[in-house]
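Throughout, residue positions are numbered sequentially from 1 according to the sequence presented. Owing to the predicted nature of the structure, the values given are computational and were not obtained by experimental measurement. Computed over heavy atoms, backbone and side chain alike; hydrogens, waters and symmetry mates excluded.
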Amino acid sequence: MTQSSDINAGTSTNEGAAAEEIRWQDVLTPEEFAVLRQGATERPFTGEYNDETAAGMYQCRACGADLFPADTKFASHCGWPSFYAPLAEDRVRYIRDTTLGMERVEVRCANCDSHMGHVFSGEGYGTPTDQRYCINSISLKLNPADAQGGSVDAEN
């Protein structure tokens, strides 16, 4: 009896994961799904937030979790939005990535496990953390400061 319930539990978990991915396919565009759920990377210099300088909070495009404050974004000229730190360490999770013949650290949303990009250290950008969170624009949604209750000059 225990054996049967163990088998069923495993099947249920696999079926649940498959159903969850189908749900993501229903709510994300094919491009968003490829990056957020399958770990793809958008082409450099093509993302909507690559050169964005507005104040606010960058959120996970999939689940809306607050991930990166705009004031931690900096111009790295690498082709993707770069941040020197997440809002808090518990907002992201890290996975060792050895694809493409190199060792990198993948960054995922801790809330929904969506792929965000990678983090690199020791590149000499002069940021407070000496880290560069290289994040796909398509993984993010900017919640501007004015939408967060901050005051914005009416002429802007």
Group every Ile, Leu, Val, Met, Phe, Trp and Tyr by side-chain heavy-atom contacts under 4.5 Å, then state whether Trp24 and Ile22 land in the same group.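 As far as the 4.5 Å side-chain criterion goes, Ile22 and Trp24 are not connected within one cluster.
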To the nearest 0.5 Å, what is the distance between CZ (Arg132) and OG (Ser121)? 10.0 Å
Gap between atom CE of Met116 and atom SG of Cys109 - 0.5 Å precision: 5.5 Å
[X]: partners by side-chain hydrogen bond (donor to acceptor under 3.5 Å, both in side chains), with sequence neighbours left out:
X	value
Asp130	none
Ser82	Ser76
Gln25	none
Arg37	Glu21, Ser114

Summary of salt bridge (charged side-chain N to carboxylate O under 4.0 Å, His left out) pairs that have at least one residue in residues 39-52, sequence neighbours excluded: Glu48-Arg61
Please list all pairs passing the salt bridge (charged side-chain N to carboxylate O under 4.0 Å, His left out) test where one or both residues lie in residues 71-93, with sequence neighbours left out. Arg93-Asp113
Compare all side-chain heavy atoms of [X] with those of [Y] and state whether any distance is below 4.5 angstrom.
X	Y	result
Met57	Leu87	yes
Pro86	Leu67	no
His115	Leu36	no

Which residues end up grouped with Ile138 if you chain together Ile, Leu, Val, Met, Phe, Trp and Tyr wherever their side-chain heavy atoms are less than 4.5 Å apart? Val35
Other cluster members, Ile95 - Ile/Leu/Val/Met/Phe/Trp/Tyr, side-chain contacts below 4.5 Å: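 Once heavy-atom contacts under 4.5 Å are chained together, Ile95 still belongs with nothing else.
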Any idea which heavy atoms bring Gly79 and Asn50 closest together, and the distance? C-OD1, 3.2 Å
Might you point out which heavy atoms bring Thr129 and Ala85 nearest each other, and give the distance in Å? CG2-CB, 4.2 Å
ring-ring contact (aromatic ring centres under 6.0 Å, His included) pairs, two or more places apart, involving residues 69-92: Tyr58-Phe83, Phe68-Phe83, Phe74-Tyr125
The complete set of ring-ring contact (aromatic ring centres under 6.0 Å, His included) pairs with one or both residues in residues 85-104, sequence neighbours excluded, reads none
ring-ring contact (aromatic ring centres under 6.0 Å, His included) filter on Phe45, not counting sequence neighbours, yields none
Side chain to side chain contact (heavy atoms under 4.5 Å, CB included) with Arg104: which residues, sequence neighbours excluded?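 If we apply the side chain to side chain contact (heavy atoms under 4.5 Å, CB included) test to Arg104, skipping adjacent residues, the hits are Asp97, Thr99, Leu100, Met102, His118, Phe120.
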